[in-house]
Amino acid sequence: MSLHEIGEFGLIERLRRSSRTFDGVVLGIGDDCAALEVPAGELLLVTSDLLLENVHFRLDWTDLADLGAKAVAVNLSDIAAMGGKARHLVLGLGLPASMTLAEVDRLLDGFLAEAAACGVSLVGGDTCRAEQFLSIAVTAHGTVPADELVRRRGAKPGDLLYVSGTLGESGLALRQLELGMNPEPELARRHFRPQARLALGRALARAGLATAMIDISDGLLADLGHLLAPDALGAELFRAEIPFCPAFDRVAGENPELRELQLHGGEDYELLFSVDPARHSDVAALAIESGTRLTGIGRVTAPGEKVVIRDRDGGTVRPGPGGFRHF
Ligand code: ADP
Ligand code: MG
């Protein structure tokens, strides 16, 4: 059967049947609006991301199930960065008529499987024909107790800076793909199947540990800049502390330009957060308890200071101009 034969409403009905619904959904897919509960005393978090063919992804490199899953993960990563619990998804689809039903199913299977794995309900959306290119617009809702909300703003001079996981793999995989190479599975997985750090974001918020937090989507330096900007703070980063995985180390080798992808490769979807130094042992305890690598990579400095990156000998590293810019 083709997309044309099943039609918009046939497709929506398939979505409704295959999506799992969790707590708090009074009305999901099928009415004019979804009707959703927000627990008393909690704030509703709302975030959107657009994924456009040939801007954010290329179908010749990308498996559609991975793409569906990634569309969920990149949105939920923003909920994680506020310390929220992810709740609902709204999915806008622009489907080229040339897409087969099997292809659409693969995309939706990946989307719904990731949503279910994260305990999030698909509650609505819109489905249209696109002239040429696939577009996926996702809105995610989360909730957070009002006194646990963690913002980008809030870091103080002297706070320690931490990142979760390891950085650079996704950027390195993308670089290899652009060069027509086949990235190692460990790198490719980080690029095609990022995971939102939902449990960690909640744990940091619940414990009141993060004074400020952001997820790393644009690259460490760019996102650190967003965290420091509101109060024009500076930071000192220790280059040798920035964590990488063995595959990154092997592939990037001694090539400084590739190693710099740790600083501005982007799409890491790790959490960058600041912590009062008096609580550094609580971070170490949380890392052990949650089985998550949390690495201190530097500290926040006074307003008006710059971001300085120190090498092992205390000298200054000058990163090249990097980072993804849309325009
Ligand atoms: P309306 O014309 O009132 O906007 P639609 O016919 O577009 O309604 O949608 C009917 C129902 O199907 C709504 O509940 C809508 O949220 C849901 N829906 C449509 N497209 C999607 C989609 N891609 N994912 C999830 N739900 C969808
Ligand atoms: Mg509609």
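Residues take their numbers from the sequence shown, with the count starting at 1.
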Undergrad: How long is the span from the CD atom in E114 to the CG atom in N75, to the nearest 0.5 Å?
TA: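 The CD atom of E114 sits 11.5 Å away from the CG atom of N75.
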
Undergrad: Once rounded to the nearest 0.5 Å, what's the spacing between atom CZ of F57 and atom CZ of F133?
TA: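 It comes to 10.0 Å.
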
Undergrad: Keeping the roles fixed (side chain from E103, backbone from T100), state whether a donor-acceptor pair exists under 3.5 Å.
TA: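 Flag set: sc E103 to bb T100 pair under 3.5 Å.
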
Undergrad: Test side-chain contact (heavy atoms from CB on, under 4.5 Å) on V104 and L95 and set out the steps.
TA: CA-CA 8 Å; V104 175; L95 301 174; 4.2 Å; yes

Undergrad: Go through L237 and R310 one step at a time and tell me if the side-chain contact (heavy atoms from CB on, under 4.5 Å) criterion holds.
TA: CA-CA 6 Å; L237 293 183; R310 303 238 178 259; over 6 Å; no

Undergrad: Please tell me whether L101 and L15 are part of a single hydrophobic cluster in this structure, the criterion being side-chain heavy atoms less than 4.5 Å apart.
TA: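 Yes; tracing contacts between hydrophobic side chains, which count when under 4.5 Å, links both residues.
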
Undergrad: If you define the side chain from C-beta out and look only at heavy atoms, does anything of L187 sit under 4.5 Å from V251?
TA: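 They are in contact (side-chain heavy atoms under 4.5 Å apart), so the answer is yes.
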
Undergrad: Side chains of C128 and D126: closer than 4.5 Å at any heavy-atom pair?
TA: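 Result yes, sub-4.5 Å side-chain heavy-atom pair found.
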
Undergrad: Distance-only check: which donor-acceptor pairs under 3.5 Å involve side-chain atoms of residues 155-168, not counting sequence neighbours?
TA:
from	atom 1	to	atom 2	distance (Å)
D159	OD2	K156	N	2.9
D159	OD2	T211	OG1	2.8
S164	OG	E270	OE1	2.5
S164	OG	L271	N	2.9
T166	OG1	E169	OE1	2.7
T166	OG1	E169	OE2	3.2
T166	OG1	R190	NH1	3.3

Undergrad: Sequence neighbours excluded, which residues qualify as side-chain contact (heavy atoms from CB on, under 4.5 Å) partners of R175?
TA: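 E178, L179, E257, L258, L261.
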
Undergrad: Looking only at heavy atoms, which two atoms of A86 and L198 are closest? And how far apart?
TA: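 Closest pair (atom of A86, atom of L198, distance): CB-CD2, 3.9 Å.
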
Undergrad: So if you build clusters from Ile, Leu, Val, Met, Phe, Trp, Tyr with side-chain heavy-atom gaps below 4.5 Å, do I288 and L204 land together?
TA: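 No; L204 is not reachable from I288 via cluster members.
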
Undergrad: Going from SG on C118 to CZ on F22, what distance comes out if it is rounded to the nearest 0.5 angstrom?
TA: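 If I round to the nearest 0.5 Å, the distance is 9.0 Å.
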
Undergrad: CG/L93 to CG/L107 distance, rounded to the nearest 0.5 angstrom?
TA: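 With rounding to 0.5 Å, CG (L93) is 6.5 Å from CG (L107).
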
Undergrad: Any donor-acceptor pair under 3.5 Å linking the side chain of H280 with the backbone of P277?
TA: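 Such a contact is found between H280 side chain and P277 backbone.
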
Undergrad: Taking L286 as the fixed residue, which of T292, L200, V275 is the one that meets the side chain to side chain contact (heavy atoms under 4.5 Å, CB included) rule?
TA: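 Testing each of T292, L200, V275 against L286, the sole residue satisfying side chain to side chain contact (heavy atoms under 4.5 Å, CB included) is L200.
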
Undergrad: Are R129 and E8 ion-paired here, with the side-chain N under 4.0 Å from a carboxylate O?
TA: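 So R129 does not pair with E8 through a salt bridge.
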
Undergrad: Listed by chain and number, what are the side-chain contact (heavy atoms from CB on, under 4.5 Å) partners of S77, not counting sequence neighbours?
TA: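 S77 satisfies side-chain contact (heavy atoms from CB on, under 4.5 Å) with A196, D215, Y269 only.
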
Undergrad: Side-chain heavy atoms nearer than 4.5 Å, only ILVMFWY residues, links allowed to pass through others: does that put I297 and M213 together?
TA: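 Not linked; separate clusters.
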
Undergrad: Indicate the atoms forming the closest heavy-atom contact of E148 with A205, along with that distance.
TA: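 Nearest pair, atom of E148 first, then A205: O-CB, 3.5 Å.
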
Undergrad: Can you name the one residue among L51, L67, T62, L52 that meets side chain to side chain contact (heavy atoms under 4.5 Å, CB included) with L134?
TA: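 When L51, L67, T62, L52 are each tested with L134, the side chain to side chain contact (heavy atoms under 4.5 Å, CB included) holds only for L67.
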
Undergrad: Using atom types as modelled and distance alone, determine if a side-chain donor or acceptor of D231 lies under 3.5 Å from a backbone N or O of P303.
TA: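 No: the side chain of D231 does not pair with the backbone of P303.
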
Undergrad: Membership question, hydrophobic clusters at under 4.5 Å side-chain separation (ILVMFWY): are L89 and L36 in the same one?
TA: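 No, L36 does not connect to L89 through the hydrophobic network.
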
Undergrad: With respect to R299, which candidate in E236, E241, E305 satisfies the salt bridge (charged side-chain N to carboxylate O under 4.0 Å, His left out) definition?
TA: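 Exactly one candidate clears the test, E236.
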
Undergrad: Side chains of L177 and P183: closer than 4.5 Å at any heavy-atom pair?
TA: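 Yes, close enough: below the 4.5 Å cut-off.
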
Undergrad: How close do D223 and D218 get, counting heavy atoms only, and between which atoms?
TA: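 In terms of heavy atoms, the two residues are closest at OD2-N, 2.8 Å.
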
Undergrad: Where is the tightest heavy-atom contact between V300 and L228, given as atom of each residue plus distance?
TA: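 Closest approach of V300 to L228, heavy atoms only: CG1-CD2, 4.2 Å.
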
Undergrad: Same hydrophobic cluster for I242 and L221, using side-chain heavy-atom links shorter than 4.5 Å among ILVMFWY?
TA: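 Hydrophobic grouping puts I242 with L221.
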
Undergrad: Give every residue pair that meets the salt bridge (charged side-chain N to carboxylate O under 4.0 Å, His left out) criterion with at least one member in residues 14-38, sequence neighbours excluded.
TA: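 Salt bridge (charged side-chain N to carboxylate O under 4.0 Å, His left out) check on residues 14-38 returns E13-R16, E13-R17, R14-D105.
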
Undergrad: Going by heavy atoms in the side chains, are L294 and F273 under 4.5 Å from each other?
TA: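 L294 vs F273: side chains touch.
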
Undergrad: Roughly how far apart are L233 CG and R153 CZ, rounded to 0.5 Å?
TA: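 Answer for the CG-CZ pair, L233 versus R153, is 9.0 Å.
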
Undergrad: Answer yes or no: is there a side-chain heavy-atom contact under 4.5 Å between I12 and I29?
TA: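 Yes, their side chains come closer than 4.5 Å.
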
Undergrad: Could you check if a side-chain atom of L220 sits within less than 4.5 angstrom of a side-chain atom of H264, using non-hydrogen atoms only?
TA: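 Of all side-chain heavy-atom pairs linking H264 with L220, none is under 4.5 Å.
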
Undergrad: Would you say that F111 contacts L122 through its side chain, given a criterion of any heavy-atom pair below 4.5 Å between the two side chains?
TA: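 They are in contact (side-chain heavy atoms under 4.5 Å apart), so the answer is yes.
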
Undergrad: Please enumerate all residues that pass side-chain contact (heavy atoms from CB on, under 4.5 Å) together with F244, with sequence neighbours excluded.
TA: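 With sequence neighbours excluded, F244 shows a side-chain contact (heavy atoms from CB on, under 4.5 Å) to F248, D249, R259, Q262, given in chain and number order.
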
Undergrad: Show the numbers, then the answer: is there a side-chain contact (heavy atoms from CB on, under 4.5 Å) between L91 and I136?
TA: CA-CA 7 Å; L91 171 62; I136 306 169; 3.7 Å; yes

Undergrad: Within a strict 4.5 Å, meaning less than it, do heavy atoms of the R312 and R239 side chains meet?
TA: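 With C-beta onward as the side chain, the pair stays apart.
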
Undergrad: Taking CZ in R151 as the centre, count heavy atoms belonging to other residues, nucleotides or ligands within less than 6.0 Å. Is the count above 12?
TA: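 Atom CZ in R151 is not packed in, count stays at 12 or less.
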
Undergrad: If you look at every heavy atom in G142 and I79, which pair is closest and at what distance?
TA: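 Residues G142 and I79, closest heavy atoms: N-CD1, 3.4 Å.
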
Undergrad: So, for A247 and E186, which heavy atoms are closest and what is the spacing to 0.1 Å?
TA: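 Here A247 and E186 meet closest at CB-OE1, 3.3 Å.
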
Undergrad: About how many Å separate OG1 of T316 and CG of D311, when rounded to the nearest 0.5 Å?
TA: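 Answer rounded to 0.5 Å: 7.5 Å.
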
Undergrad: Keeping to residues at least two apart or across chains, list the salt bridge (charged side-chain N to carboxylate O under 4.0 Å, His left out) pairs with something in residues 59-88.
TA: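 Sorted result for residues 59-88: R58-D60, D63-R106, D66-R193, K70-E267.
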
Undergrad: What do the steps show when you test T47 against T139 for side-chain contact (heavy atoms from CB on, under 4.5 Å), and what is the final call?
TA: CA-CA 6 Å; T47 176; T139 298; over 6 Å; no

Undergrad: Using only atom types and a distance under 3.5 Å, with no angle test, would you say the side chain of D313 pairs donor to acceptor with the backbone of G315?
TA: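 The answer is no, because no donor-acceptor pair under 3.5 Å joins these two groups.
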
